[in-house]
Protein chains: 2
Amino acid sequence: MFREVRTTDEKELFSVEDVAKKLGITARTLHYYEEVGLIVPSSRTAGGHRLYAQDVVEKLAYILRIKDSLGYSLQEIRNVLAAQETLDRLRESYQSGSETERQQIIDESIELMTTILQHIDEKLEKLSEMKTGLLERLDRVKKLRP
Amino acid sequence: MFREVRTTDEKELFSVEDVAKKLGITARTLHYYEEVGLIVPSSRTAGGHRLYAQDVVEKLAYILRIKDSLGYSLQEIRNVLAAQETLDRLRESYQSGSETERQQIIDESIELMTTILQHIDEKLEKLSEMKTGLLERLDRVKKLRP
DNA sequence: CAATACGTTGACGTAAGGATTAGATATTGC
DNA sequence: GCAATATCTAATCCTTACGTCAACGTATTG
């Protein structure tokens, strides 16, 4: 029923269908994202079937949120992910290069996040406007009823 | 500077570029939407250049809002527009068919608008979640600074 | 009225998957 | 334990929504 693995340390692995259903996408999307280098299955079965661990599923969910909510292209998403990974590396081994380099990474991260926040706010505003407009129209239509 | 027309009744007409700039799209999008039957230029110059009146520009703006904010496909947008036009026709010549037919049109409109409202709410929620998450992360990153 | 800017119709290119196929792999039911 | 059934694989072609030339015609401006 669940594909657990012999690695003894409890990692649950999910099949393509498991992941697709969980995230509301199709297997094709997983294959495609792998093709363009966005995600990689954590492992494969002896027969070659893809297996995904929890962290990859979460990364995917993150990608899908950015794509669906903000409408970013996969290329833009790649850039966002790359920036975040750079930041993560900085955070973990906190002597990765010179101080100016360090500063630059942080500054770029802040800039990127600020830009994304702006996009979110724009979307939120447009959606709110659409909502009020629609609610008004819905009201008017409902008055046509007996 | 502005392409006004001889029809004497004040209708301003806009060129492809005018419209594209106003709405933040490219000429290609206008051409494409025409190709697939979503919009039609209000008229053409003697030489064949497209001219758009205000109402078409507004329709286009509406289409773009649905597309960009909600992520609807052009096909879905066509359905929405068709439903609205059906309703508009009903509203104007208010004896277009039987009473049951009338009811059906109204009910379908209400249903459609309710569905769209749901999509809007879903988007709003996802965006809000993303926003809070990002704000937290931004805060943490800012603490890495001197 | 020539130079420059803008528009027209093709036609092909690209991104992000969808649909289909043929064959290998997994799961289940007995 | 193995056949029937369900999934997965890679490969290929299809679709949507434009981007990007190219080759040429139209409008505007100095």
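Remember, predicted model here, so these are calculated numbers, not experimental data. Letters A, B, ... mirror the listed sequences (proteins, then strands); counts begin at 1.
Of the N and O atoms on the side chains of A:E122 and A:Q118, not one donor lies less than 3.5 Å from an acceptor on the other residue.
Put simply, CD on B:Q75 is 14 Å from P on D:dC18, counting in whole angstrom units. Across the protein-nucleic acid pair, B:Y52 atom OH and C:dG7 atom C1' stand 11 Å apart, rounded to whole Å. Going from atom CG of A:L51 over to atom P of D:dT9 covers 9 Å, rounded to whole Å. The distance between atom CG of A:L13 and atom C1' of C:dA26, rounded to the nearest whole Å, is 16 Å. Between the NE2 atom of B:H31 and the C1' atom of C:dT8 there is a distance of 7 Å, given to the nearest Å. Rounded to an integer number of Å, the gap from A:I77 CD1 to C:dG17 C1' is 13 Å. To the nearest angstrom, C1' of C:dA16 lies 13 Å from CD of A:E76. We find that OH of B:Y32 is positioned 15 Å from C1' of C:dA11, with the value rounded to whole Å.
Comparing atom distances between the B:H49 side chain and each of C:dA16, D:dC8, D:dT26 picks out D:dT26 as nearest. The side chain of B:S73 has D:dA17 as its nearest neighbour among C:dT8, D:dA17, C:dC6. With C:dT9, D:dA10, C:dG17 as the choices, the nucleotide that has an atom nearest any side-chain atom of A:Y33 turns out to be C:dG17. Proximity note for A:T45 (side chain, C-beta onward) versus D:dT7, C:dA26, D:dT26: the nearest is C:dA26. For B:E17, counting side-chain heavy atoms from C-beta on, the closest listed nucleotide (D:dC13, C:dC6, D:dC18) is C:dC6. Here the side chain of A:R50 is nearest to one of D:dT9, C:dG7, C:dG17, namely D:dT9. Listed candidates were D:dT20, D:dT12, C:dT8. Nearest to the side chain of B:R28 is D:dT20. Closest contact between the side chain of B:V16 and the listed nucleotides D:dT9, C:dA19, C:dG7 involves C:dG7. Closest contact between the side chain of B:L74 and the listed nucleotides C:dT8, D:dA27, D:dC18 involves D:dC18. The side chain of A:T29 sits closest to C:dG18 out of C:dT8, C:dG18, D:dA10.
For B:K59, the NZ atom sits in a packed shell: over 12 heavy atoms of surrounding residues, nucleotides or ligands are nearer than 6.0 Å. Dense packing is recorded around CD of A:E76, with more than 12 heavy atoms of other residues, nucleotides or ligands lying under 6.0 Å away.
Using a 4.0 Å cut-off between charged nitrogen and carboxylate oxygen, A:K131 and A:E125 do not count as a salt-bridge pair.
Ranked by how close their nearest DNA chain D nucleotide is to the 5' end, B:K67 and B:G47 are led by B:K67. Residue whose closest nucleotide on DNA chain D sits further toward the 5' end, between A:E35 and B:A27: A:E35.
At the phosphate of C:dG7, OP1 or OP2 sits under 4.0 Å from a side-chain N or O atom of B:S15.
Between A:K67 and A:Y72, the shortest heavy-atom contact is CG-O, 3.5 Å. Shortest non-hydrogen contact noted between B:A20 and B:L30 is N-CD1, 4.4 Å.
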